[in-house]
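To keep things clear, I will list the structure first and then write my remarks on it.
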Amino acid sequence: LALQPLPSDTRYQGKRSLDNVGAVYMVDVAQHIDIEGEPLDDATSGASLAVWMHADYAAKFGIQLGDQFNLQSNQGTAGEALIPIQVQGFWRAKDAKEAFWVSDPDQTLLNKLFVRRQDYLTLVEPQLATKVRAVTWNVILDEMQSSPADARQYTEGFALAKTVIGRYLPDAQMTTPAVSLEKFIGRQTTLT
């Protein structure tokens with residue numbers, strides 16, 4: 001989505017778009033971020049979609065709390081879609097290294113705008129031809145329960161999981177430690 005300043009915003013005169021951003025909903029993210037501004041709660045937005053922006057990203061463009069913009073998509077259900085937004089808060093991860101984050105949020109989520117689930121469903125999704133670009137689950141396996149002797153079974157299990165998941169979600173992608181396990185199995189076989 002293109003982050004577009006309002007025509008009346010003199011700070012960005014001559015700029016049709018500031019940058020490309022994404023609207024993101026994450027379950028329980030509010031517990032893992034510090035927010036300056038309004039809390040990221042379960043309320044619903046009014047005429048403008050409430051968004052929470054990474055503090056560093058906001059600083060890059062001189063964005064202030066309460067600023068209004070439009071999100072523009074040329075992939076709308078009826079052509080071009082404009083979604084009015086208002087910046088409710090700036091966020092930072094409390095601990096970017098905690099297990100909640102799949103990867104460093106200060107890098108991977110820098111240009112993502114957090115939104116409430118219901119707001120996404122009612123204000124964003126209806127405007128887009130592709131309703132959801134990505135859904136991610138992070139599964140952390142208990143490595144204390146793993147056994148090197150079962151490495152071959154683990155790689156077979158990952159392959160089977162990919163097949164089963166593919167039946168239900170044909171475009172799904174899985175990231176597994178299969179390559180590392182296969183290298184281990186090769187070394188293990190040589191040593192044996």
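In what follows, every heavy atom counts, from backbone to side chain, and hydrogens, waters and symmetry copies are set aside.
Looking at residues two or more places apart in sequence or on another chain, you find no ring pair (Phe, Tyr, Trp, His ring centres under 6.0 Å) involving Phe90. Residues passing the ring pair (Phe, Tyr, Trp, His ring centres under 6.0 Å) test with Trp52: none are found, sequence neighbours excluded. Partners of Tyr154 under the ring pair (Phe, Tyr, Trp, His ring centres under 6.0 Å) rule, at least two apart in sequence or in another chain, do not exist in this structure.
Contact record, Ala2 with Asn20: CA-OD1, 3.8 Å, taken as the closest heavy-atom pair. In plain terms, the two heavy atoms of Leu65 and Gly89 that are nearest each other are CD2-CA, 3.4 Å.
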Could you go step by step and tell me if Leu71 and Leu82 meet the side chain to side chain contact (heavy atoms under 4.5 Å, CB included) rule?
-> CA-CA 6 Å; Leu71 294 180; Leu82 277 179; over 6 Å; no
Report the C-alpha separation of Leu49 and Tyr120 in whole Å, then their side-chain angles, then the decisive distance to 0.1 Å, and conclude whether the side chain to side chain contact (heavy atoms under 4.5 Å, CB included) test is met.
-> CA-CA 9 Å; Leu49 173 67; Tyr120 186 87; over 6 Å; no
Audit row: Val87, Leu113, side chain to side chain contact (heavy atoms under 4.5 Å, CB included) steps and yes/no | CA-CA 9 Å; Val87 179; Leu113 307 174; over 6 Å; no
Carefully, step by step, assess Thr44 and Thr122 under the rule side chain to side chain contact (heavy atoms under 4.5 Å, CB included).
-> CA-CA 9 Å; Thr44 54; Thr122 58; over 6 Å; no
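For the residue pair Tyr25/Asp119, the side-chain donor-acceptor check at 3.5 Å is not satisfied.
In this structure, Asp67 contributes its side chain and Gln64 its backbone to a donor-acceptor pair below 3.5 Å. With Gln86 contributing its side chain and Gly66 its backbone, the two residues share a donor-acceptor pair below 3.5 Å. No donor-acceptor distance shorter than 3.5 angstrom exists from the side chain of Tyr12 to the backbone of Gln4, with no hydrogens or angles considered.
Looking only at side-chain heavy atoms (C-beta outward), Leu181 and Phe158 come within less than 4.5 Å of each other. In this structure the side chain of Leu109 reaches within 4.5 angstrom of the side chain of Met26, judged on heavy atoms. Between Ser45 and Arg116, some side-chain heavy-atom pair lies under the 4.5 Å cut-off.
For Lys94, the NZ atom sits in a packed shell: over 12 heavy atoms of surrounding residues, nucleotides or ligands are nearer than 6.0 Å. Counting heavy-atom neighbours within 6.0 Å of Gln107 CD, excluding the residue itself, gives a total of 12 or less. The number of heavy atoms from other shown groups lying within 6.0 Å of CZ (Arg11) is above 12.
By the 30° and 60° cut-offs, the orientation of the rings of His32 relative to Phe100 is parallel.
A salt bridge does not link Asp42 with Arg117: every distance from a Lys NZ or Arg NE/NH1/NH2 to an Asp or Glu carboxylate oxygen is 4.0 Å or more. The pair Asp56-Arg92 meets the salt-bridge criterion, with a side-chain N (NZ, NE, NH1 or NH2) lying under 4.0 Å from an Asp/Glu carboxylate O.
For the side chain to side chain contact (heavy atoms under 4.5 Å, CB included) with Val115, the qualifying choice from Leu123, Val24, Val51, Leu40 is Val51, the only one to do so. The side chain to side chain contact (heavy atoms under 4.5 Å, CB included) with Asn70 is formed by just one residue from the set Ile83, Leu1, Leu6; it is Leu6.
A distance of 8.0 Å separates NZ in Lys112 from OG1 in Thr108, rounded to the nearest 0.5 Å. From Gln72, atom CD reaches atom CZ of Arg16 across 5.5 Å, with rounding to the nearest 0.5 Å. In this structure, CG on Asn111 lies 10.5 Å from NE2 on His54, to the nearest 0.5 angstrom.
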